[in-house]
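Nothing here was measured: the structure is a model prediction, and the numbers come from that model. For the numbers below, each heavy atom of this structure counts, side chains included, while hydrogens, waters and symmetry mates do not. Each chain gets a letter, A, B and so on, in the order the sequences are listed, and its residues count up from 1.
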2 protein chains.
Amino acid sequence: MAGIKQVQRQTGVALWRQIADRIREAISRGAYDETGMVPPETVLALQFGVNRHTVRSALAALAQEGIVRAVQGRGTLIERKERLNFPISRRTRFTDGIRDQARETRALLLGHAQEQADAEVARWLHIKPGTLVIRLETVREADKRPVSRATSWFPAARFAGIGEAYRTAGSITKAFAALGLSDYVRATTEITAAHADSADIADLGLTPGAVLLITKAMNTDLEGVPVQYSISRFAADRVQFTIEN
Amino acid sequence: MAGIKQVQRQTGVALWRQIADRIREAISRGAYDETGMVPPETVLALQFGVNRHTVRSALAALAQEGIVRAVQGRGTLIERKERLNFPISRRTRFTDGIRDQARETRALLLGHAQEQADAEVARWLHIKPGTLVIRLETVREADKRPVSRATSWFPAARFAGIGEAYRTAGSITKAFAALGLSDYVRATTEITAAHADSADIADLGLTPGAVLLITKAMNTDLEGVPVQYSISRFAADRVQFTIEN
DNA sequence: AGTGATTTGTGCGTATGTATG
DNA sequence: CCATACATACGCACAAATCAC
């Protein structure tokens, strides 16, 4: 293992971006922890078999992301940034899950609307397609940094006014409570990963090509009746999930 | 929502590749399931706001990957390919997990070695750093398609010869059984996502910029003693995880 | 304080890749 | 298939900041 990772040309991905991705991963793997710096540009250029300009483009992109900081004469320093850990369990709650890891969490309601359930939403919520549901578009932040954006659907008959309740309360748990649902549990979680699209880039402050962790999750009340279906998109460099069995 | 996802210029990712990624994701999302075909090139060009030439480059790349097949006079047909679902639970086993979704699964042992546990491995296996461990490098395939590559560590004292056992048996479960461990459970799973590196691209047959789901997992015997720590890297377009609570 | 070595910052000319029409 | 425009990548040279001695 640990062979010389060569960079590939003419693949539709610019060399500087491939190199940026490599360095980003090496940093998150802790490969440069001893010095706290990235190797000199000339060394990286040699390692990747590219010109120093190309390495500089990569490092400039990482500096833009806030991952490194270049200092003339000294080198390129790594800015420490921890990943939030997001536990997934029967008791999964966003705000509680990261409460002790961030000084401040914030929930923004981008918008809400009533609509008819499409096939997918209907399947997850165990209702007939066309049944009225309320859709919420939200963004969550931890310490001013956007962490995820989510689209959630709720049966409209049972949770009328959840949009306003969420805006007021600032969390799903509290909005549910305000509407008479005192407790709920996570029934199913589906996890995939993909590239960020332009909406992700805008809402989460990402760079093109960024990686997302995507969950599709269904919550039920204590009787097992579905109360919420959500598609959440997390910035993969800011979050990890843990499952304890 | 559902706004027109614009494609972005000057981001280090060629337009044709961004479009290929979008179409690939749309296909895997089932967006074109009604017709089984991708929309006409002229329509796609209009949607993405690019020239038809650019769309053609994207479709050519997807055809190269075997995801679509262009037929003159008819359109661009989608080749069916499902995402394997990989359940994560206390009873998580790779081969069992996807047994009913693939006709044939295969495990390749790329190599194995005995080494001293570094800080991370030691922490996960609850042993002292420097303790002897056996490291296995494996690749798993389902229906001839590589699904994941993994690095696993086992306490050397307890599981001497697990490399050969794995090569013979073709699964961790059977290798454990051959060494006297009849049962084990998944204790902890940590999930992140990142870009594929060149080793991933080579071992899993991916394209540069591909997205990976990465798990760090620890298995214990029935007494709760750690028996295995693994870092697995899954091609995100071929796999999803589910957690049932 | 001075000098050289190291490292990042900048400029410019050229070749090739990407995208348009 | 071609002409045009811009992005990407290279090679070389030199300036500016930092550090060790």
Is R83(A) reaching over with its side chain to a backbone N or O of A236(A), donor-acceptor style, under 3.5 angstrom?
-> yes

Whole-Å gap separating C1' (dT8(C)) and CG (L62(A)) | 15 Å

Partner residues of Y32(A) under the ring pair (Phe, Tyr, Trp, His ring centres under 6.0 Å) criterion, sequence neighbours left out = none

Charged N to carboxylate O below 4.0 Å: is that the case for K144(A) and E104(A)?
-> yes

In whole angstrom, what separates L15(A)'s CG from dA15(C)'s P?
-> 19 Å

Applying side chain to side chain donor-acceptor pair (under 3.5 Å) to R52(A) and not counting sequence neighbours gives E41(A)

Nearest-angstrom distance from the residue atom CZ of R56(A) to P of dA9(D) = 15 Å

Send over the distance from F48(B) CZ to dA19(C) P, rounded to a whole Å.
-> 13 Å

Distance, rounded to the nearest Å, where Q18(A) contributes CD and dG17(C) contributes P | 15 Å

Show your reasoning for whether side chain to side chain donor-acceptor pair (under 3.5 Å) applies to S230(B) and Q228(B).
-> CA-CA 6 Å; S230(B) 300; Q228(B) 176 186 11; 2.9 Å; yes

Measure from CD1 on I19(A) to P on dT8(D) and round the result to the nearest Å.
-> 13 Å

Short N/O separations, protein against nucleotides 12-19 of chain D, under 3.5 angstrom:
| residue | atom | partner | partner atom | Å |
| --- | --- | --- | --- | --- |
| dC12(D) | N4 | H53(A) | NE2 | 3.0 |
| dA17(D) | O4' | Q72(A) | OE1 | 2.8 |
| dC19(D) | OP1 | R74(A) | NE | 3.3 |

May I ask you to say what T76(A) touches in the nucleic acid, namely base, sugar-phosphate or nothing, with a heavy-atom cut-off under 4.0 Å?
-> sugar-phosphate

Are side-chain heavy atoms of T188(B) and W124(B) found at a separation under 4.5 Å?
-> yes

For atom CG of L77(A) and atom P of dT6(C), their distance in whole Å | 19 Å

How long is the line joining CH2 of W16(B) and C1' of dG17(C), in whole Å?
-> 11 Å

